2 protein chains.
Amino acid sequence: MSTSGGRPRNRRGDGALLREEIVRGAGRLLEETGSEDAVTLRAIARTVGIAAPSIYAHFPDRESVLLAVVQDAFADLGRAMTMVDEADPVARLRAVCAAYLDFALTRPARYRVLFGGAWSAARAQETPTVAADAATVGFDVFDVLVRAVRDCADAGRSTGTDPFADATALWAGLHGLAALRPVTPMFPWPDGVLDRLVDRLVLLT
Amino acid sequence: MSTSGGRPRNRRGDGALLREEIVRGAGRLLEETGSEDAVTLRAIARTVGIAAPSIYAHFPDRESVLLAVVQDAFADLGRAMTMVDEADPVARLRAVCAAYLDFALTRPARYRVLFGGAWSAARAQETPTVAADAATVGFDVFDVLVRAVRDCADAGRSTGTDPFADATALWAGLHGLAALRPVTPMFPWPDGVLDRLVDRLVLLT
DNA sequence: CCTACCGATCGGTAGG
DNA sequence: CCTACCGATCGGTAGG
């Protein structure tokens with residue numbers, strides 16, 4: 001069934017190149033199918049254009065490929081939230097939240113893998129080192145949120161007195177939107193839900 | 001491998017009984033494994049104590065069994081939210097939200113199946129009649145929320161002027177909590193997050 | 001990086 | 001409600 005009949009050979013010194021192709025192929029596959037289970041070694045191999053066993057030269061097993069996808073996605077999300085360029089703390093908080101939501105809406109399957117549970121809760125007990133890592137990175141993302149909220153309070157733009165608790169509520173609201181929107185195409189989400197959440201949960205003035 | 005060696009024969013007229021056992025077994029399996037994919041026909045058959053092909057006497061295919069689980073879960077959630085017995089509208093809204101969250105936290109896998117997307121968005125296009133049904137029931141659950149919010153506004157206990165929009169934001173917050181909590185065992189969720197969300201998003205006075 | 005292959009598991013059918 | 005079985009797919013290994 002291999003329609004490609006082989007792939008152009010990599011140049012010397014490109015040993016890490018294929019590894020990257022595998023991770024990106026797996027990510028693309030995740031996004032196209034919307035399901036983590038559809039990202040099989042064979043499917044990955046097909047999209048990359050190699051034989052399935054060749055993946056084992058770069059990863060010990062399927063789970064490790066998925067973990068690499070998760071780590072990449074966490075890094076992307078963190079980068080998107082950090083790269084926000086706004087001086088005003090309120091504008092910055094809004095932009096950070098918008099970046100979070102944008103990531104989730106443009107890459108719903110990737111986002112679902114990040115906070116869907118398989119890589120933080122369940123597997124954290126089975127493979128502590130590996131999944132604790134993913135969990136930690138997830139908390140880093142949350143910290144960006146806490147800091148943005150605290151900056152608003154420090155600037156006297158929020159009447160909230162507990163930035164951590166406020167950020168927690170905000171995270172819940174953000175995640176709710178991020179998770180529900182891609183799943184409810186028929187639902188008439190009102191305009192400005194995001195700003196409504198930010199305004200009210202952070203008690204912006 | 002069948003350790004049970006057959007099951008006691010049902011009494012006459014219990015034709016619908018096994019169907020129920022299958023759905024409940026599938027639900028239990030879903031909760032124990034946490035994954036929809038683990039609910040295979042063979043696994044269901046094992047928990048119920050029958051042979052896998054026997055399921056076809058009650059359901060045309062695997063998808064239909066899962067749909068029955070989803071419909072049951074929607075009915076359960078709707079019932080739990082409606083059965084709330086509080087006269088004061090604010091107390092009632094809080095109780096409705098608590099019931100929603102309680103359902104999600106005590107049956108996380110079932111909740112995930114309800115609002116995880118597989119049964120509302122994706123499959124709605126493939127099998128319109130079937131999944132549109134599930135989506136409708138999901139909206140019924142949301143309507144309970146809207147009414148509870150509106151009752152607060154009508155009683156002058158909320159300064160919100162758009163019950164639908166407020167309920168939408170509240171739903172996002174609720175779902176965020178419901179989805180994130182089971183997945184973040186290490187995260188120090190502050191006490192009273194739920195009430196904080198309700199208070200602020202519905203502008204309770 | 002490849003072909004060839006194993007053992008396991010799945011959804012579903014045949015036939016009773 | 002059962003046994004027996006098919007075709008497909010999977011993760012992973014052998015051996016090069």
Side-chain angles (χ1 to χ4, degrees), chain A residues 1-26 29-30 32-33 35-69 118 123 126-127 130, chain B residues 1-26 29-30 32-33 35-69 118 123 126-127 130:
Chain A
M1 176 65 67
S2 126
T3 61
S4 58
R7 61 191 287 279
R9 192 184 183 105
N10 280 338
R11 281 192 294 261
R12 283 192 71 142
D14 286 351
L17 213 153
L18 182 61
R19 187 198 148 97
E20 230 175 86
E21 284 182 65
I22 291 170
V23 175
R24 291 157 62 104
L29 208 52
L30 176 65
E32 283 163 8
T33 64
S35 157
E36 183 179 336
D37 301 86
V39 186
T40 67
L41 287 176
R42 287 169 148 86
I44 298 171
R46 273 191 296 269
T47 75
V48 176
I50 59 175
S54 303
I55 294 175
Y56 288 97
H58 301 267
F59 297 91
D61 53 20
R62 187 186 97 113
E63 185 138 337
S64 301
V65 183
L66 291 176
L67 177 66
V69 173
R123 242 167 283 195
E126 302 164 11
T127 50
V130 151
Chain B
M1 174 65 66
S2 126
T3 62
S4 59
R7 63 191 287 278
R9 191 183 184 104
N10 281 338
R11 281 193 293 263
R12 284 193 70 144
D14 285 352
L17 213 155
L18 183 61
R19 190 199 147 97
E20 231 175 84
E21 282 182 66
I22 291 171
V23 175
R24 290 157 63 106
L29 208 53
L30 176 66
E32 283 162 9
T33 63
S35 157
E36 183 178 336
D37 301 84
V39 186
T40 67
L41 287 177
R42 287 168 148 86
I44 298 171
R46 274 192 294 269
T47 75
V48 176
I50 58 176
S54 302
I55 294 176
Y56 288 98
H58 302 267
F59 297 92
D61 53 21
R62 187 186 98 113
E63 185 139 338
S64 301
V65 183
L66 291 175
L67 178 65
V69 174
R123 242 166 282 195
E126 302 166 11
T127 49
V130 153

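Remember, it's a predicted structure, so these values are computed and weren't measured experimentally. Per chain, numbering begins at 1; letters A, B, ... match sequence-line order.
- In this model, the phosphate group of dT13(C) is not approached by any side-chain N or O of Y56(B) to a distance below 4.0 Å at OP1 or OP2.
- Of all the heavy atoms in A43(A) and A38(A), the pair that sits closest is CB-O, 3.7 Å.
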Encoded 5' to 3' (Watson-Crick or G-U under 3.5 Å; [ ] crossing; | other strand), DNA chain D becomes ||||||||||||||||

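- A51(A) and A45(A) get closest at one heavy-atom pair: C-CB, 3.8 Å.
- Applying the 6.0 Å contact sphere to CZ of R24(B) captures no more than 12 heavy atoms from other residues, nucleotides or ligands.
- How far CD of E36(B) is from CZ of R62(B): 6.5 Å, rounded to the nearest 0.5 Å.
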Expected rows: protein N/O vs nucleotides 3-10 of chain C N/O, under 3.5 Å:
residue : atom : partner : partner atom : Å
dC10(C) : OP1  : T40(B)  : OG1          : 3.3

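- Every residue meeting the side-chain contact (heavy atoms from CB on, under 4.5 Å) condition with V39(A), not counting sequence neighbours, appears here in chain and number order: A26(A), L29(A), L30(A), I44(A), L66(A).
- For S64(A), the side chain to side chain donor-acceptor pair (under 3.5 Å) partners are D61(A), not counting sequence neighbours.
- The CD1-P distance, from I44(A) to dG12(D), rounds to 11 Å in whole Å.
- Residues F59(B) and L41(B) form no side-chain contact, since every pair of their non-hydrogen atoms from C-beta on lies 4.5 Å or further apart.
- The distance from atom CD1 of I50(A) to atom P of dC2(C) is 6 Å, rounded to the nearest whole Å.
- Under the rule for a side-chain contact (heavy atoms from CB on, under 4.5 Å), A57(A) has no partner lying at least two apart in sequence or in another chain.
- What separates CG of D61(B) from C1' of dT13(C) is a distance of 14 Å, to the nearest Å.
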